[in-house]
Amino acid sequence: MKTPLQVYNSLTREKETFTPLVEGRIGMYVCGPTVYNDVHLGNCRTFMSFDIIYRYLLYLGYKVRYVRNITDVGHLLDDGEDRILKGARLDQLEPMEVVQKYTNGFHDIMRVFNALPPSIEPRATGHIIDQIEMVQAILDSGYAYLANGSVYFDTLKFAKEKDVYGKLSGRVVEDLLAESRENLKNQDEKRHPADFALWMKASPEHIMRWNSPWSVGFPGWHLECSAMSTKYLGKTFDIHGGGNDLKFPHHENEVAQNFTACGCAPANYWLHTNMLLMNGRKMSKSDGNTISPEELFTGNSPHVSKGYSPMVIRFFVLQSHYRSTLDLSDEAMQAAEKGYRRLMEANKNLQKMTPAAGAKAGELDQEIVDLMDQAFDEMNDDFNTPRALARLFELASRINSLKDGHLPMQEVSAETLERLQKVFHNFIFDIFGLLDENTAESNGEASSLDTVMQLVIDIRQQARANKDWATSDMIRDALAAAKIQLKDGKDGTDWTKG
RNA sequence: GGUCGCGUGGCCGAGUGGCUAGGCAGAGGUCUGCAAAACCUCGUACAGCGGUUCGAAUCCGCUCGCGACCUCCA
């Protein structure tokens, strides 16, 4: 029934059967955000995708150490200014205030999206010593050089001597080395344009600075991930993830750093998520084609007609595969909203079901069992959430039919019903990480609201029994205005909020 | 300019050689006091042209269109 877990490895460009280094345990490193301004939706998609991967691995029973860093130093802008420093200057804050502010914001949003926190969330500034040690190791290996107090990686030498550079990102080394484009600002110290900084000597106005054997300065951008993944997961670990746009140069350079410092490849499986698009173009902080999570929640944006809840957005993400681009539009969000509600409704109906007396497994029973198995097979096939979701929707249609009496409950064994209830719940809440927003938000008041609603429904039922349509419709319309929908069914009336 | 990828019905989005993806929207029907919800049925989609094949959305070639990366980005 169950296929083994297959993952698409960016390094080999193939789906491979996943085998962890240590049985039952998985080390996973995902490149986190650079915290110099508000997190945007594109980041959220990536981290939601990895959250689902993380959750599924946990569901499969693995003990997963999930490390996702916070980059809070060393990430330079085009003009050579540190991202954090720029943020500090603009907001008139201490660099660490900037970092804290946007880290908090990032955490808040990820919590709203119901993403599980990583096991370890290391910060670059908290690992300066580890980074200095790694720079030294790379220098010792002979693949770095010193220039005016800065240390650069000798990409040319590495590419020539080791058959590694360019493999991950599919770069042709000769092309890289040719480097026809003129974009060499601030690069006069480098021997070759493809070289990159491991340690930068700080200019006098640069306030984020640390002592090192080479100069008072700061670490290069790619270094923190190499240093921190090695520290917490070892020289080689199972999964390294991140957005597609990090493949080059970030991940390629990470590999180069690890190779020279540790003598081995850092990760066995590289997983890359694809971009979130809007209007058919990459969502990007830099060119303004963007909508913030808050704007999408509130609908306060020219790109949407109304607000969409975090779980609708999460559902929207689930509907595409993590390696495909996903194009955000108002229409697509509306469809996702409907679909999300349908799925939640089906689950609610399912969880209320009880097996029929003397039920025996029939054809329908087998169909249900097959669909459940297929859903897991889809997840095992490189975390194919859209296909798994499709199977869940097929189950939803069976569930609703059973509820309405269009399909015979007698054909579903108690055992299968119980398993379906468990699997459906597991999928929606544990693996997909969705929340039922209708019940989640009420929580404590849920019971009192339930009581009131039951009263209102009873009164309306009485009116209907008396053919007092005016009263019954008034109740229905008034509730509708309050965003409560009544659903008349065979066994009485249900209601939903929103 | 170089590298890689994509182009699926009204919209989103799976699918890699023959078998129903799925969601949303639309049409018809069942149910209902009416409606909503739910259920059933339906549309014969694969950018264009050519090739390989008994058979292609799926493989190959060309053309057109779009995107990503090559420079900071999840």
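In the text below, chain A, chain B and the rest are named by the order of the sequence lines, each starting its count at 1. Please read these numbers as outputs of a predicted model, since none were measured by experiment.
Across all strands shown, A/Asp494 has no heavy atoms under 4.0 Å from either base or sugar-phosphate atoms. Among the protein residues, A/Lys467 comes within range of no part of the nucleic acid, since none of its heavy atoms lies under 4.0 Å from any strand. In this structure, A/His321 reaches the sugar-phosphate backbone alone: every heavy-atom distance under 4.0 Å involves primed, P, OP1 or OP2 atoms, never a base. Among the protein residues, A/Ser397 comes within range of the sugar-phosphate backbone only, with heavy atoms under 4.0 Å from sugar or phosphate atoms but none that close to a base. A/Gln334 comes within contact range of no nucleotide atom at all, as no heavy-atom separation falls under 4.0 Å. Here A/Ala332 lies in heavy-atom contact (under 4.0 Å) with sugar-phosphate atoms only. As judged by a 4.0 angstrom heavy-atom cut-off over every strand, A/Gly42 is placed among the base-contacting residues. Contacts of A/Gly405 with the nucleic acid, taken as non-hydrogen atoms under 4.0 Å apart, are absent.
Looking at A/Lys338 and A/Gln334, their side chains never come closer than 4.5 Å, going by heavy atoms from C-beta outward. Using a 4.5 Å heavy-atom threshold, the side chains of A/His250 and A/Thr71 count as separate.
Checked against A/Asp494 for a salt bridge (charged side-chain N to carboxylate O under 4.0 Å, His left out), the options A/Lys348, A/Lys487, A/Lys352 give a single hit: A/Lys352. Considering A/Val423, A/Asn347, A/Ile368 in turn, A/Ile368 is the only one that fulfils the side-chain contact (heavy atoms from CB on, under 4.5 Å) rule with A/Leu395.
B/U71 and B/G2 are spaced 16 Å apart, taking the P atom of each and rounding to whole Å. Taking the C1' atoms as reference points, B/G17 lies 15 Å from B/C46, given to the whole Å. For the P atoms, the distance linking B/C11 with B/U53 amounts to 36 Å, nearest Å. Rounded to a whole angstrom, the distance from the C1' atom of B/G9 to that of B/G23 is 14 Å. Nucleotides B/C12 and B/C4 have their P atoms positioned 28 Å apart, rounded to a whole Å. Atom name C1', nucleotides B/U8 and B/G15: the rounded distance is 10 Å, in whole Å. Taking atom P on both nucleotides, B/U63 is separated from B/C69 by 25 Å, rounded to a whole Å.
Without hydrogens or angle criteria, A/Arg45 side chain to A/Met275 main chain gives a donor-acceptor distance under 3.5 Å.
Among the nucleotides B/A25, B/A21, B/A38, the one closest to any side-chain atom of A/Lys338 is B/A25. Side-chain atoms of A/Trp469 lie closest to B/G33 of the nucleotides B/A37, B/G33, B/A74. Taking the side chain of A/His406 as heavy atoms from C-beta on, and the options B/A14, B/G23, B/C39, the nearest nucleotide is B/C39. The nucleotide whose nearest atom lies closest to any side-chain atom of A/Glu394 is, among B/A21, B/A74, B/C69, B/A21. The nucleotide whose nearest atom lies closest to any side-chain atom of A/Asp488 is, among B/C11, B/A35, B/G33, B/A35. In the set B/A37, B/C34, B/A74, the nucleotide with an atom closest to the side chain of A/Asn43 is B/A74. Of the candidates B/A38, B/C70, B/C12, the closest approach to any side-chain atom of A/Arg342 belongs to B/A38. Side-chain atoms of A/Arg476 lie closest to B/C34 of the nucleotides B/C34, B/G22, B/A74. Here the nucleotide nearest the side chain of A/Arg13, chosen from B/C39, B/C4, B/G2, is B/C4. In the set B/C70, B/A74, B/C39, B/A74 carries the atom at the smallest distance from any side-chain atom of A/Thr273.
Donor-acceptor pairing under 3.5 Å, judged by distance alone, is present between the side chain of A/Asp473 and the base of B/G33. Checked by distance alone, A/Ser472 brings a side-chain donor or acceptor within 3.5 Å of a matching partner on the base of B/G33.
Taking the centre of each ring, A/Phe376 and A/Phe427 come in below the 6.0 Å mark.
With centres under 5.5 Å and a plane angle under 30° as the test, the ring of A/Phe47 is not stacked against the base of B/A74.
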